[in-house]
Amino acid sequence: MARRTRRYWLMKSEPNAYSIDSLERDQRAEWDGIRNYQARNFMRDEMAVGDLVLFYHSNAKPPGVVGVARVASAPYPDPTQFQKRSKYFDETSKRDDPRWILVDVEFVERFSDLVSLDTLKADKRLEGMLVVKKGQRLSIQPVEKKHFERVLTLAKATMRVS
DNA sequence: GCCAACGTTGGC
DNA sequence: GCCAACGTTGGC
């Protein structure tokens with residue numbers, strides 16, 4: 001089986017819509033509703049099962065990283081694009097050529113204390129991390145390994161990253 | 001609720 | 001292909 005170095009990601013979710021608690025309850029979820037090409041391309045082309053994900057609460061008080069998830073499936077078409085009653089319905093997407101692609105993610109850990117955006121911004125070692133950049137709206141972002149590990153340290157997380 | 005910083009759409 | 005208008009994201 002082909003192996004590759006694990007990659008690291010940050011995925012944003014509004015806790016009103018789907019929080020880390022929701023993922024802990026469900027254990028696994030389709031990351032549906034992504035309607036941005038760059039974010040889609042990361043899921044479609046770059047992610048692999050086992051990649052680790054910083055789970056980020058956006059539009060939250062305060063915003064920040066609240067836990068860790070893991071990529072749990074290969075990419076496949078987002079079913080909501082074909083569901084007429086879904087807010088993510090896309091009438092221009094064809095079943096034989098789906099426009100929107102997602103992956104499943106599974107719960108790994110919920111931090112006892114969130115690592116707030118303010119904390120991320122204040123940390124010298126996280127310079128250059130996309131999420132701390134002004135105007136960075138991308139809801140799925142690649143994260144450097146050193147940044148991922150630093151965030152775990154800030155969370156005093158006990159999980160092992162091996 | 002405001003609005004800056006995007007990304008997308010569509011007329012030309 | 002340019003770019004104005006529009007829509008969305010997301011911190012504040």
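Lettering follows sequence order; numbering is per chain, from 1.
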Original post:
Hey, quick one: are A/I20 and A/Y18 part of the same hydrophobic cluster, counting side-chain heavy atoms closer than 4.5 Å, chains of contacts allowed?
Top reply: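 Both belong to a single hydrophobic cluster.
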Original post:
With a 4.0 Å cut-off on heavy atoms, is A/K133 in touch with a base, just the backbone sugar-phosphate, or nothing at all?
Top reply: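 Since no nucleic acid heavy atom lies under 4.0 Å of A/K133, the category is nothing.
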Subject >> Contact nearer the 5' end of DNA chain B, comparing A/R35 with A/N59 >> reply: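 Upstream on the strand: A/N59.
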Original post:
For DNA chain B, whose closest nucleotide is more 5', that of A/Q136 or that of A/R99?
Top reply: A/Q136
Minimum heavy-atom separation for [X] and [Y], please, with both atom names.
X      : Y     : result
A/S93  : A/R99 : OG-N, 2.9 Å
A/L102 : A/P79 : CD2-CD, 4.0 Å
A/M43  : A/M11 : SD-CE, 4.3 Å

Subject >> First and last nucleotide of DNA chain C, 5' to 3', lying under 4.0 Å from heavy atoms of chain A >> reply: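 Footprint of chain A along DNA chain C, 5' to 3': C/dG7 to C/dC12.
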Original post:
Hey, would you say the A/W100 and A/Y37 ring centroids sit under 6.0 Å apart?
Top reply: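 Between A/W100 and A/Y37, the centre distance is under 6.0 Å.
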